[in-house]
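To start, the structure itself, in structure tokens.
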Amino acid sequence: MKKYLIVIALIIGIYPTLLAQNAKMNSFIDSLMGKMTLLEKLGQLNLSSGAGNLPVITEGGGREDYIRQGLIGASQGRKSQEVAVKESRLGIPLIAGKDVIHGYATTFPIPLAMSCMWDTERIEKSARIAAKEAAVSGICWTYSPMVDICRDPRWGRIAEGAGEDPWLGSQIAKAYVRGYQGDDLSKDNTIMACVKHFALYGAVEAGRDYNTVDMSRLSMFQDYFPPYKAAFDAGAGSAMTSFNLVDGIPATGNKWLLNDLLREKWGFDGFIVTDFTAINEMMNHGMGDLQSVAVQALKAGVDMDMVGQSFIGTLGKSLKEGKVTQEEIDQACRRVLEAKYKLGLFDDPFKYFNEEKAKKILLCQEHLDAAREIASRSIVLLKNSEGILPLKKSGKIAVVGPLADSKSDMLGTWAGTRNTEKVVTILEGIKNVVGDKAEILYAKGSFFTTDPYLLNVNTKKEDYIVQTPKEEKQLLDEAKQTVSGADVIVAVLGESKAWSGEAASRSDIGIPECQQNLLKEMLATGKPVILVLANGRPLTLTWEDNHISAILEAWHGGTEAGNALADVLFGDYNPSGKLTTTFPRSVGQIPIYYNHKNTGRPFINDIKFTSKYLDIPNEPLYPFGFGLSYTTFEYSDITLDKTGMGLNDTINASVTVKNTGKYDGEEVVQLYIRDLAGSVSRPVKELKGFKKVLIPAGKSVVCTFRISAADLAFWHKDLIWGTEPGDFNIFIGANSRDVKGASFALLDKGSSFIIK
Ligand code: BGC
Ligand code: BGC
């Protein structure tokens, strides 16, 4: 009761202040817009990337000139801002956006890796640091978080998101927004978040980038929308549209999506920017000519055209012809100006340029320490069947593989400023951590690939050259020679940074053949081999899992990748990461995800007419939520405090988790629920909670989850959110496969309970 009174008092106290602030902003913008010409208004809707302008604007001589004429509203760089503020007629500042998706100068692991921490506080911290570094470097707006749910690891952009689960994805989405925006957007160390890609981009068919999407509304609401909604609820100031179709209409011109759902239903009051030239691309989607697609986008609710210049180029004509209204243009312009106002750009257009401070904080020790800690916590131990790990810091350790001593690949996709200088490679990290306690040997051992197709996309110049079999053999021989005196071999294999991210889909997501040959040769020595993977997506590792006894998934780990990996390799940090995306056995299983529906003929061994493949099991290689530790955990059965609950009741479900091994360790204890019967078919399991607990060796911890009716709610056929009474299974365990089970009932009170 007291809590409620405090909240009410706060609202009564804050509300008038908010109203007054809004009134002040509105009158400022009213007065500014009163002075703006149509072209100046359209200029606010125009984002220029700096490079490669499309030829819609014909008058004037280049970007600075356009800025001077008020024809550009968003762009980067101090010089541009000076021109905008000092030389344009109304001096309206530019908003400067950039893809700061896992760090600015200090680069954290790729977002997919960070999600494997199951640690929203540390994800928030990474975003806070990214914001601080960006905010002194001229950037006040980040095109992040990318919260697209993805069930297809062929899609290279899976690297940028938080995996396949809508519930976990929602917690992580909120953490990013809090980290970037802090509690006050007008501060000079916070930046505006841009939630992307709205919507459904992660569901592109066959994992091929920019491909089409066709999905039921039920699945949109149940499986794909939650993380976007969570990010908007957390107060994200802007949204980016996606390239794909939603319900047959490109997202960028989809009024139902942008206006009816996002703005009206969800109450989003920020501004909407398109993805890069997405309005123009609507022509390829078959939606009409440039003028017509620009009209569709504006009417759908888009405020800013990224790079395509369709708004600045055609909306004037459309206004004259009565195809759009002045109100529609004004509304978009107002939303862009509001964002600038909220960021404090009208008070001080240069507040995000602070070279002095940049020198002090970019890549400072505090940030690097955070990057190291976060990178080691993002690593997932996939296998350690003979207990080779952790390694001792002694003897002779051979490090081989094309990713062992690469700096730039550690940064992964969208690496902020792409500062490679400070990157610690895995070889360097191992040397740092071991000091003079052991001898470290190194040989590259193989190319990334010898496949000419894949070589073509590699961004490294030396790798453009087609590798000859002779050179390949030479590398292999060198490696064999190098490891001959070693006690143990660490093989660092995987993907170049150019193989994941945008426009980087792969049809074969295995380790390329020449790297595999190296691994086979290493194994043939009879010495213990540890496989360390540096990559941007789930890989198919069936052969590796069959033959290698120790596998660490280290991802593209960022600036501190090497130190972090070495911390885990030698046991200075006991790994606690858990996968947030399923690792398939083969590409043929894709799409594969844990929260699937049951079939009418679930698999039964030896019965022909059940759902299965003839050549591989249905189960993935490593399931969602999977990850090992150097210690072992034992789960007790689940205890429930009752087996039936009413709609306003809660049930407590507890397990005791015992650390039965030799090391202290952290465990991510996961809660899943299955609704056994519903008015629409329900998934076999859905994540509903987790607890990350540190359990000292030999000790036990009791984990209790409180379940309420709200946790059981789902989207009904008619897109109403609610709970239906009935029987539920509850699962608690170390991953989505290895769980203890119990059941309870939500008691029937005569009708289904609609929550909202
Ligand atoms: C990507 C976006 C990105 C934008 C700006 C686009 O091609 O799809 O994710 O934010 O470029 O760099
Ligand atoms: C098959 C049908 C078939 C029926 C009767 C089912 O298992 O799916 O196609 O007609 O058996 O043989």
Side-chain angles (χ1 to χ4, degrees), residues 46-54 72-77 94-104 110-112 127 130 134 138-150 155-162 173 176-177 180 191-204 207-213 227-228 231 236-246 250-252 270-282 284-285 297 302-310 339 411-418 457 459 497-498 500-505 536:
N46 186 27
L47 182 150
S48 156
S49 74
N53 271 345
L54 299 183
I72 288 177
S75 196
Q76 281 181 37
L94 301 166
I95 184 173
K98 187 179 169 70
D99 293 275
V100 181
I101 80 160
H102 54 117
Y104 181 71
I110 52 168
L112 180 62
I139 303 300
C140 56
W141 179 34
T142 177
Y143 308 140
S144 172
M146 189 280 219
V147 300
D148 303 322
I149 293 296
C150 180
W155 193 48
R157 304 200 76 167
I158 196 172
E160 301 176 45
Y176 275 108
V177 174
Y180 293 133
I191 61 178
M192 187 177 276
C194 183
V195 180
K196 72 186 188 186
H197 305 81
F198 195 62
L200 316 180
Y201 189 18
V204 285
R208 178 157 53 76
D209 209 0
Y210 315 124
N211 203 1
T212 203
V213 171
Y228 305 110
S238 67
M240 186 186 295
T241 67
S242 59
F243 291 124
N244 53 277
L245 305 185
V246 172
T252 304
F271 79 104
I272 300 178
V273 64
T274 69
D275 203 346
F276 205 98
T277 65
I279 298 177
N280 314 61
E281 292 167 27
M282 284 172 64
N284 285 339
H285 284 297
V302 166
D303 304 306
M304 187 183 277
D305 171 359
M306 186 188 285
V307 180
Q309 299 189 23
S310 70
L411 294 178
T413 185
W414 292 124
T417 61
R418 300 193 177 90
V457 302
T459 49
K497 70 167 191 301
S500 62
E502 188 174 351
S505 298

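Just so you know, ligand 1 is whichever comes first in the structure, and atom 1 is the first atom listed for that ligand.
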Quick one: sort the F271 and W141 rings into parallel, tilted or perpendicular, breaks at 30° and 60°.
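Geometry flag for W141 against F271: tilted rings.
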
Y201 vs F243 aromatic rings, parallel, tilted or perpendicular, using cut-offs 30° and 60°?
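Judged by the thresholds at 30° and 60°, the geometry between Y201 and F243 is perpendicular.
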
Given that the side chain starts at C-beta and the backbone is N, CA, C, O, which of these parts of [X] lies under 4.0 Å from ligand 1, counting heavy atoms, or is it both or neither?
X	answer
K98	neither
W414	side chain
M146	neither
K196	side chain

Ligand-residue contact atoms, ligand 1 with [X], heavy atoms, under 4.0 Å:
X	answer
Y143	5 (C), 10 (O)
F276	6 (C), 7 (O), 11 (O)
F243	7 (O), 8 (O)

Which heavy-atom pair separates S144 from V100 by the least distance, and what is that distance?
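Taking every non-hydrogen atom into account, CB-O, 3.6 Å.
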
Looking only at atom types and distance, does a side-chain atom of H102 sit under 3.5 Å from a main-chain N or O of L112, one as donor and one as acceptor?
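It does not hold such a pair.
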
Nearest heavy atom to atom 12 (O) of ligand 1 wins, so pick from D99, T241, D209.
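That would be D99.
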
Closest to atom 9 (O) of ligand 1 among E502, E160, H197 (heavy-atom distance)
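Among E502, E160, H197, the closest heavy atom to atom 9 (O) of ligand 1 comes from H197.
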
Find the distance between SG (C194) and CD1 (I272) and round it off to the nearest 0.5 Å.
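Reported value, rounded in 0.5 Å steps: 9.5 Å.
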
How many angstroms lie between CD in Q76 and CD1 in I95, if you round to the nearest 0.5 Å?
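Between atom CD of Q76 and atom CD1 of I95 there are 11.5 Å.
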
Nearest neighbour in protein (non-hydrogen) for atom 11 (O) of ligand 1
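The protein heavy atom lying closest is D275 OD1, 3.5 Å.
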
Could you check if a side-chain atom of E502 sits within less than 4.5 angstrom of a side-chain atom of F276, using non-hydrogen atoms only?
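A side-chain contact under 4.5 Å is absent here.
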
